[in-house]
Amino acid sequence: MIKYNLFLLIASSLFLHATSCILTKYNVYIVSNLPPNSPPLQLHCSSKDDDLGYHTLAPGAEYQFSFCENPLATMFSCRFLWNGNDKGFHVYDAKWDHNRCIGNRHGVCYYAVKPEGFFFTNKYPPKELEFLCGWDNNSNKYFVC
């Protein structure tokens with residue numbers, strides 16, 4: 001009986017964990033819209049719990065990751081290096097006053113990186129991009145863009 005109850009407890013926990021992402025799944029897209037002959041975009045994204053590693057994007061390339069939100073704690077930051085520029089900011093933060101990644105029914109954070117800075121939309125595929133911030137350097141600190 002104890003084994004059966006333990007099995008039910010573990011199975012229900014796994015089921016709840018697997019289904020808890022249905023309403024709170026987010027997709028982050030980072031696209032290099034840099035000129036064809038420019039140096040590649042270097043980026044590194046991480047959260048408190050997950051290091052997503054270092055990535056190199058050629059012009060026109062895309063990097064994408066998904067996550068399930070913990071409304072009290074989820075935050076992903078990315079650092080971008082390109083052509084002597086160094087910019088880091090939160091690409092998602094559950095503590096934002098206004099969650100810019102909510103669009104339609106799904107959570108989408110779409111960032112396009114251009115020579116003049118960072119552009120954003122919460123739609124995929126993107127229709128219109130809104131200027132978010134420039135490349136003003138911020139060293140090792142992460143600022144909200």
Between the main-chain N or O of Trp82 and the side-chain N or O of Asn85, is there a donor-acceptor pair closer than 3.5 Å?
yes
Which atom of Tyr26 lies closest to which atom of Glu69, heavy atoms considered:
CE1-CB, 3.7 Å
For Tyr111 and His90, work out which heavy atoms get closest and say how close.
OH-O, 4.1 Å
Would a distance-only check, ignoring hydrogens and angles, find a side-chain to backbone donor-acceptor pair under 3.5 Å from Asn122 to Ile102?
yes
List the atom of Cys109, the atom of Val91, and the distance in Å for their closest heavy-atom pair.
SG-O, 3.8 Å
Take Phe119 and Asn33, measure what side chain to side chain contact (heavy atoms under 4.5 Å, CB included) needs, and give me the verdict at the end.
CA-CA 10 Å; Phe119 293 76; Asn33 283 352; over 6 Å; no
Sorted by chain and residue number, the ring-ring contact (aromatic ring centres under 6.0 Å, His included) partners of Phe118 (sequence neighbours excluded) come out as Phe80, Phe89, Trp135
Rounded to the nearest 0.5 angstrom, the OH-CD distance for Tyr124 and Gln64 is 8.0 Å
Under the side chain to side chain donor-acceptor pair (under 3.5 Å) rule, what do Ser66 and Asn27 come out as? Steps first, then yes or no, please.
CA-CA 4 Å; Ser66 301; Asn27 295 297; 2.4 Å; yes
Can you tell me how far the OG1 atom of Thr74 sits from the NZ atom of Lys95, to the nearest 0.5 Å?
10.0 Å
Would Asp136 and Lys87 satisfy side chain to side chain contact (heavy atoms under 4.5 Å, CB included), going step by step from the backbone distance to the final call?
CA-CA 7 Å; Asp136 49 320; Lys87 182 73 171 180; 3.2 Å; yes
Spacing of Tyr63 atom OH and Ser32 atom OG [to the nearest 0.5 Å]:
15.0 Å
Walk me through whether His44 and Leu81 qualify under side chain to side chain contact (heavy atoms under 4.5 Å, CB included).
CA-CA 9 Å; His44 177 235; Leu81 301 166; over 6 Å; no
Starting from the C-alpha separation in whole Å, work towards a yes-or-no answer on side chain to side chain contact (heavy atoms under 4.5 Å, CB included) for Ile30 and Cys78.
CA-CA 10 Å; Ile30 299 169; Cys78 293; 3.9 Å; yes
Tell me whether the count of non-hydrogen atoms from other residues, nucleotides or ligands lying under 6.0 Å of CD in Glu116 goes above 12.
yes
Crowding at OH, Tyr54 (>12 non-hydrogen neighbours, <6.0 Å):
no
